[in-house]
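Worth knowing before you read on, the calculation uses all heavy atoms, side chains too, and leaves out hydrogens, waters and symmetry mates. Everything quoted here is computed from the prediction, not taken from an experiment.
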Amino acid sequence: MEFLAPEWHDRLTSTNTVLRERLQRGESLPSGFVLAAREQTAGRGRLGRSWVSQPGRDLTFTVFLRHAAGFPALLSLPMAAALGVAAALEEYGVHGRTKWPNDLQVSGRKLCGILAEREEAGLVVGIGLNVNAEAAELAAIDRPATSLRVETGREHPIELVLDRVLAHLAVWTEHWEEAGFAGLRQAWLARCVGLGEPVAIRDGDGRRRGTLAGFGPDGELLLAEADGALRPVWSGEIEAEGTAPTPSGA
């Protein structure tokens with residue numbers, strides 16, 4: 001898998017939204033196309049959350065794959081993307097941990113979020129990475145967050161960060177294309193937050209509790225409940241057991 005040189009824009013509403021609109025208008029984009037924005041004004045995350053980036057501060061981009069995968073194979077694509085970003089961060093001396101289904105954390109603080117969506121022409125994967133945000137800016141977010149700058153103590157050109165991320169993203173996307181979640185399993189388990197621990201899974205207004213026992217063949221979470229049943233969970237987000245739910249945010 002190879003990604004093309006990014007198409008950079010100074011300002012976009014949302015790289016996912018703009019790319020999807022171009023596909024819906026019939027534009028024939030090649031597999032591996034990358035759309036990146038130095039400022040994003042209406043970015044979207046999972047569960048209707050927003051992700052707004054400041055000019056030159058954060059990395060927001062979307063890649064396009066001409067791939068026919070639908071559910072359930074699509075579930076593990078953001079997991080592959082998270083592993084690609086994590087591998088890139090190792091070059092900066094930052095060890096990221098994956099949080100099912102699509103986040104990357106450092107010491108319990110969110111560093112990166114991923115949103116995969118399907119279009120008729122293929123798959124759209126948006127990635128938002130906190131790069132140059134300072135601690136004071138991050139403190140204003142409604143959930144614990146960190147940035148590459150906070151973790152390394154210095155600023156980083158977002159264009160160079162994207163180049164590094166794409167190099168590793170290409171490797172892990174290829175693993176996913178060849179084998180689905182089976183090609184990611186060992187690396188995912190090595191980085192996964194909460195494995196073997198009590199968790200609550202929140203999906204909308206509902207919440208299920210149990211132990212994070214592992215992951216099924218398509219990347220679905222396996223929740224061991226109090227009655228001894230091992231139940232697959234296909235959507236939602238993990239909360240550490242005993243924590244209060246956090247409001248939606250970037």
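- Minimum interatomic distance between Val125 and Ala81 (heavy atoms only, all atoms of both residues): CG1-CB, 4.3 Å.
- A salt bridge between Glu7 and Arg22 is present, with a side-chain N of the basic residue lying under 4.0 Å from a carboxylate O of the acidic one.
- Glu39 CD to Thr13 OG1: the interatomic distance, rounded to the nearest 0.5 Å, is 11.0 Å.
- Atom CD1 of Ile158 and atom CZ of Phe61 lie 11.0 Å apart (nearest 0.5 Å).
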* To do: Quick one: do Glu117 and Arg20 satisfy salt bridge (Lys or Arg N to Asp or Glu O under 4.0 Å)? Show the steps, please.
  => CA-CA 9 Å; Glu117 300 178 290; Arg20 293 184 70 186; 2.9 Å; yes
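- A donor-acceptor contact closer than 3.5 angstrom is absent between the side chains of Glu90 and His168.
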* Asked: So Thr62 and Thr17, side chain to side chain contact (heavy atoms under 4.5 Å, CB included) or not? Walk me through it.
  -> CA-CA 9 Å; Thr62 297; Thr17 298; over 6 Å; no
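- Counting only heavy atoms from C-beta outward, the side chains of Ile201 and Leu212 never approach each other to under 4.5 Å.
- What you find for Val131 and His156 is that their closest heavy atoms are CG1-O, 3.7 Å.
- A donor-acceptor pair under 3.5 Å links the side-chain atoms of Ser76 to the main chain of Ala73, judged by distance alone.
- Taken from CG in Leu74 to CG in Leu123, the straight-line distance is 5.5 Å, to the nearest 0.5 Å.
- In this structure, the side chains of Asn132 and Leu148 stay at 4.5 Å or more apart for every pair of heavy atoms.
- Shown here for Gln105 and Lys99, the closest heavy-atom pair between the two residues is NE2-CD, 3.2 Å.
- Residues Leu75, Trp234 make up the rest of the hydrophobic cluster containing Phe71, defined by ILVMFWY side-chain heavy atoms closer than 4.5 Å, directly or through other members.
- In this structure, Trp176 and His67 have tilted ring planes: the angle between them lies in the 30° to 60° band.
- In this structure, Ala82 and Trp188 approach most closely via the heavy-atom pair CB-CZ3, 4.2 Å.
- Closest non-hydrogen pair, Thr98 versus Leu83, comes out as CG2-CD2, 4.1 Å.
- Using a distance-only test at 3.5 Å, with no hydrogens or angles considered, a donor-acceptor pair links the side chain of Arg97 to the main chain of Cys192.
- Under the rule for a salt bridge (Lys or Arg N to Asp or Glu O under 4.0 Å), the partners of Glu134 that lie at least two apart in sequence or sit in another chain are Arg57, Arg149.
- With hydrogens and angles ignored, the 3.5 Å screen pairs a side-chain donor or acceptor of Glu174 with a backbone N or O of Met1.
- Heavy-atom minimum distance, Pro6 versus Leu162: CG-CD2, 3.6 Å.
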